[in-house]
4 protein chains.
Amino acid sequence: MNFDSRKPRADLRDHLRETVRTSILDAAEELIAANGLHEVALAQIARRAGVAVGTLYNYFADRDAMIIELFERRRESLRPLMAAARTNGKALAFEPRLRLLMRDLLGALESHRRFVKVAVETEYHKRSPSTTAKDLQAAFEEVVAVGVDEGVIARATAPLLTMLLAGAIKAVIMRRIADGGDFVADADPIVSLMLDGARA
Amino acid sequence: MNFDSRKPRADLRDHLRETVRTSILDAAEELIAANGLHEVALAQIARRAGVAVGTLYNYFADRDAMIIELFERRRESLRPLMAAARTNGKALAFEPRLRLLMRDLLGALESHRRFVKVAVETEYHKRSPSTTAKDLQAAFEEVVAVGVDEGVIARATAPLLTMLLAGAIKAVIMRRIADGGDFVADADPIVSLMLDGARA
Amino acid sequence: MNFDSRKPRADLRDHLRETVRTSILDAAEELIAANGLHEVALAQIARRAGVAVGTLYNYFADRDAMIIELFERRRESLRPLMAAARTNGKALAFEPRLRLLMRDLLGALESHRRFVKVAVETEYHKRSPSTTAKDLQAAFEEVVAVGVDEGVIARATAPLLTMLLAGAIKAVIMRRIADGGDFVADADPIVSLMLDGARA
Amino acid sequence: MNFDSRKPRADLRDHLRETVRTSILDAAEELIAANGLHEVALAQIARRAGVAVGTLYNYFADRDAMIIELFERRRESLRPLMAAARTNGKALAFEPRLRLLMRDLLGALESHRRFVKVAVETEYHKRSPSTTAKDLQAAFEEVVAVGVDEGVIARATAPLLTMLLAGAIKAVIMRRIADGGDFVADADPIVSLMLDGARA
DNA sequence: TATGAATGAGTTTTCATTCAT
DNA sequence: AATGAATGAAAACTCATTCAT
């Protein structure tokens with residue numbers, strides 16, 4: 001017989017706490033995506049999350065801490081997807097690997113559309129550069145290095161290519177967030193253009 | 001005897017007004033570039049501009065109007081440069097024209113570094129998309145269309161190329177603002193890569 | 001068979017309740033002594049006492065009631081000591097009685113150092129003057145009256161002497177709480193000075 | 001002719017600012033004396049001072065800074081009085097000098113009754129010991145040292161006497177603030193008692 | 001027109017108290 | 001009874017905007 005009723009209760013409580021925490025962060029993300037980081041008051045977030053203002057402070061030290069946690073959570077959630085994207089093509093040759101990477105990265109970002117919007121919008125206000133942006137950069141660097149090793153890409157071209165691939169991702173994101181289109185469709189044509197050029 | 005000193009004085013006055021107006025907008029731009037649009041209070045701007053807060057309201061209806069005018073002025077100042085960039089190569093064939101355009105655009109943007117930073121950072125907060133971004137887009141569209149006419153660029157590739165060229169510009173800007181490098185050096189290699197691909 | 005476990009359990013329960021009550025008040029006293037009456041939140045007290053905030057309300061009607069009970073308990077605990085101090089010397093003549101009283105009072109207060117600190121600090125915030133301060137006053141009044149009866153103290157001097165004796169106690173307390181010294185050592189010299197003056 | 005209208009205006013403005021600053025601090029002192037440091041909201045202070053809440057922040061960085069300035073101003077205002085008290089009797093022998101000092105100190109404190117109440121009430125919440133209390137201590141130390149030099153006071157008695165004199169001042173203050181009596185009347189009897197003892 | 005103090009609405013933050021489990 | 005999350009009223013604080021001089 002289990003006389004210790006504290007453990008299960010604690011589990012339940014933690015679960016409920018996590019639920020509320022999540023609702024709050026979701027509410028915040030939604031409102032910030034729609035109105036901008038500075039245009040959203042805590043009262044709005046609380047209302048949308050279905051809690052009282054004071055409750056926010058049971059979960060986060062202050063406004064800043066809440067925003068920071070929102071970003072960290074989303075990054076944590078993106079990170080494995082991006083890591084997978086980098087791992088997926090490990091066995092492939094440069095070109096198919098790059099194609100796969102581009103698709104996977106755009107797919108990963110697509111699954112976090114709302115956050116991606118917020119992240120792009122606020123990227124520059126932050127003291128430190130976005131970790132996600134850095135991860136993108138690193139992913140392309142890695143694969144482009146493979147291209148160099150295979151002799152497909154000239155060593156001198158590598159840095160520029162890396163920058164343009166990352167830039168292309170941002171361009172796609174920005175456009176597709178604006179017009180509502182999906183991200184992945186552009187993956188293959190971009191790689192083709194980057195590798196073979198636009199010349200007919 | 002000429003007692004009517006109003007005409008010449010009016011000129012002087014207008015000139016002074018314009019000087020003050022300019023200082024205010026410069027102060028605003030500087031502070032916004034350094035701290036972000038929402039982190040700058042009017043009191044700061046006034047102090048930096050060397051005027052009293054109340055004076056700001058003699059020049060602009062409110063905070064918003066001031067920011068909007070800052071953007072419009074910089075765009076107005078950029079516009080002829082961008083227009084020139086579009087005109088410069090009119091007589092050239094597609095490729096040299098594109099190369100020239102890329103160089104000129106990056107050069108134009110380089111001369112407005114501070115504003116460019118602000119514009120990129122705030123691009124998404126604005127209800128309407130940045131006119132400058134649209135202008136970029138249009139400039140590339142025009143030249144790419146020439147490439148299509150010349151048969152150098154496949155019609156189907158044109159929109160993607162346009163997007164990537166504009167994206168490349170932003171990538172360069174972002175990187176060079178971050179690391180302090182100059183914009184124009186990247187112009188030619190980018191065009192080469194876009195036209196002929198990165199394949200060795 | 002005795003299934004009626006209520007009677008003994010009730011004792012146990014009462015005992016437990018009292019234990020918790022005591023921990024809470026001790027925690028409150030400690031924190032208030034360290035940080036001041038208004039700087040201590042109920043959450044802190046609960047944590048230090050090892051109970052949940054809600055539990056506080058099972059023991060005290062509200063914050064105020066808790067503080068009041070803390071004061072009352074300490075006073076209750078001090079009262080017999082002070083009463084004893086007043087009784088102890090009953091048989092003695094004025095001077096030895098006053099010396100004994102001073103020693104005993106300082107000894108009693110010394111055994112409640114923490115509370116004494118809190119009491120002195122908050123003496124003025126309270127609507128009603130501290131009972132303990134009144135008790136001190138009364139104790140000295142009584143003995144000084146004996147001095148008057150014995151003709152050792154002029155009737156006209158009595159009130160002033162009473163006030164100064166009580167004031168001396170506070171001065172000692174304040175100083176010794178600040179520097180960590182003990183209270184009682186000062187008892188005799190003070191009485192000597194008060195009776196015979198500081199003149200060499 | 002004086003064409004520079006800025007200087008006099010600045011003087012006027014400074015004067016007005018000082019007036020408002022003073023009203024705010026007076027309002028704060030009054031309310032704190034009546035209700036206690038923590039029981040007074042900024043809104044109350046603003047209302048009593050006849051300004052808007054926001055105005056408080058044009059004069060003080062935050063609540064704390066306001067309180068601190070209140071204390072500092074009153075101390076600044078007391079300091080010369082206490083300094084004068086210490087200087088006044090410089091030429092006198094020990095006993096008359098001590099009598100004069102006691103009268104002058106009580107007189108000085110009497111002229112700052114409201115602040116004295118607040119200071120005594122909050123003395124212990126403050127990290128650093130009250131400067132005023134230290135000044136009292138120092139004043140008595142100085143004169144008692146004279147007594148020692150003159151051979152009126154035994155060197156060994158000096159520290160105790162100093163402590164008791166300062167304690168006596170506080171006792172008087174506390175009692176007279178409570179009952180509304182004036183401070184100075186007690187000065188002479190206290191010195192007599194301290195020097196010659198209460199023995200009839 | 002320039003000034004800068006005053007304003008107060010809007011936000012963030014705190015915390016005693018309540019309440020469902 | 002114990003728990004600790006939820007509540008919301010009250011307090012502190014910010015800052016664009018107004019306005020008297």
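Keep in mind the model is a prediction, meaning the values are calculated, not measured. Quick note: numbers below take in every heavy atom, side chains included, and nothing from hydrogens, waters or symmetry partners.
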Undergrad: F:dT3 P sits how many Å from A:Arg17 CZ, rounded?
TA: 16 Å
Undergrad: If you compare every side-chain N and O of D:Arg13 against the phosphate oxygens of F:dT21 (OP1, OP2), does one of them come in below 4.0 Å?
TA: no
Undergrad: For C:Gln44 and F:dG4, what is the distance between atoms CD and C1' respectively, to the nearest whole Å?
TA: 17 Å
Undergrad: Starting at CE of C:Met66 and ending at P of E:dA16, how long is that distance when rounded to a whole Å?
TA: 9 Å
Undergrad: Expected output is a numbered-order residue list: members of residues 20-33 of chain D with a heavy atom under 4.0 Å from any atom of DNA chain E. What is it?
TA: D:Val20
Undergrad: Distance check needed: E:dT18 C1' versus C:Leu56 CG, whole Å only.
TA: 13 Å
Undergrad: Please map the stems of DNA chain E, keeping only stretches of three or more Watson-Crick or G-U wobble pairs with both distances under 3.5 angstrom.
TA: E:2-21 with F:2-21
Undergrad: Begin with the C-alpha distance, continue with both residues' side-chain angles, and end with the deciding distance and a verdict on side chain to side chain contact (heavy atoms under 4.5 Å, CB included) for A:Ile68 and A:Glu72.
TA: CA-CA 6 Å; A:Ile68 287 173; A:Glu72 275 171 3; 3.7 Å; yes
Undergrad: Just by distance, do the side chain of A:Glu30 and the backbone of A:Ala27 share a donor-acceptor pair under 3.5 Å?
TA: no
Undergrad: Nearest whole angstrom, please: distance from the P of F:dA1 to the CD of C:Glu18.
TA: 14 Å
Undergrad: Applying side chain to side chain contact (heavy atoms under 4.5 Å, CB included) to D:Thr22 and D:Arg73, what does each step give before you reach the verdict?
TA: CA-CA 10 Å; D:Thr22 298; D:Arg73 287 214 170 193; 3.8 Å; yes
Undergrad: Determine whether B:Met66 and B:Tyr59 make a side-chain contact, defined as any pair of heavy atoms from C-beta on separated by less than 4.5 Å.
TA: no
Undergrad: Between P on F:dG4 and CG on A:Asp11, what's the gap in Å once rounded to a whole number?
TA: 14 Å
Undergrad: Give a yes/no answer on whether the side chain of B:Tyr59 brings an N or O atom under 4.0 Å of OP1 or OP2 in E:dA2.
TA: yes
Undergrad: Go through C:Lys117 and C:Arg114 one step at a time and tell me if the side chain to side chain contact (heavy atoms under 4.5 Å, CB included) criterion holds.
TA: CA-CA 5 Å; C:Lys117 179 170 192 289; C:Arg114 208 153 59 192; 5.8 Å; no
Undergrad: Rounded off to whole Å, could you give me the CG-to-P distance for the A:Leu12 and F:dT3 pair?
TA: 17 Å
Undergrad: Taking only Lys NZ, Arg NE, NH1 and NH2, and the carboxylate oxygens of Asp or Glu, determine whether B:Asp26 and B:Arg74 approach each other closer than 4.0 Å.
TA: yes
Undergrad: Show your reasoning for whether side chain to side chain contact (heavy atoms under 4.5 Å, CB included) applies to B:Val118 and B:Phe71.
TA: CA-CA 9 Å; B:Val118 174; B:Phe71 277 76; 3.7 Å; yes
Undergrad: Within this structure, what is the CG-OG1 distance for the pair B:Leu78 and B:Thr131, rounded to the nearest 0.5 Å?
TA: 11.0 Å
Undergrad: Rounding to an integer number of Å, can you tell me how far D:His15 NE2 sits from E:dA5 P?
TA: 15 Å
Undergrad: Collect all protein-nucleotide pairs involving nucleotides 11-15 of chain E in which both atoms are nitrogen or oxygen and the distance is under 3.5 Å.
TA:
from, atom 1, to, atom 2, distance (Å)
E:dT12, OP1, A:Arg63, NE, 2.7
E:dT12, OP2, A:Leu42, N, 2.7
E:dT13, OP2, A:Tyr57, OH, 2.8
E:dT13, OP2, A:Arg63, N, 3.0
E:dT13, O5', A:Tyr57, OH, 3.2

Undergrad: How about B:Ile24 and B:Phe60: do any of their side-chain heavy atoms sit closer than 4.5 Å?
TA: yes
Undergrad: Measure the CD1-CD1 distance between A:Ile45 and A:Ile32 for me, rounded to the nearest 0.5 Å.
TA: 5.5 Å
Undergrad: Between the main-chain N or O of C:Val51 and the side-chain N or O of C:Thr55, is there a donor-acceptor pair closer than 3.5 Å?
TA: no
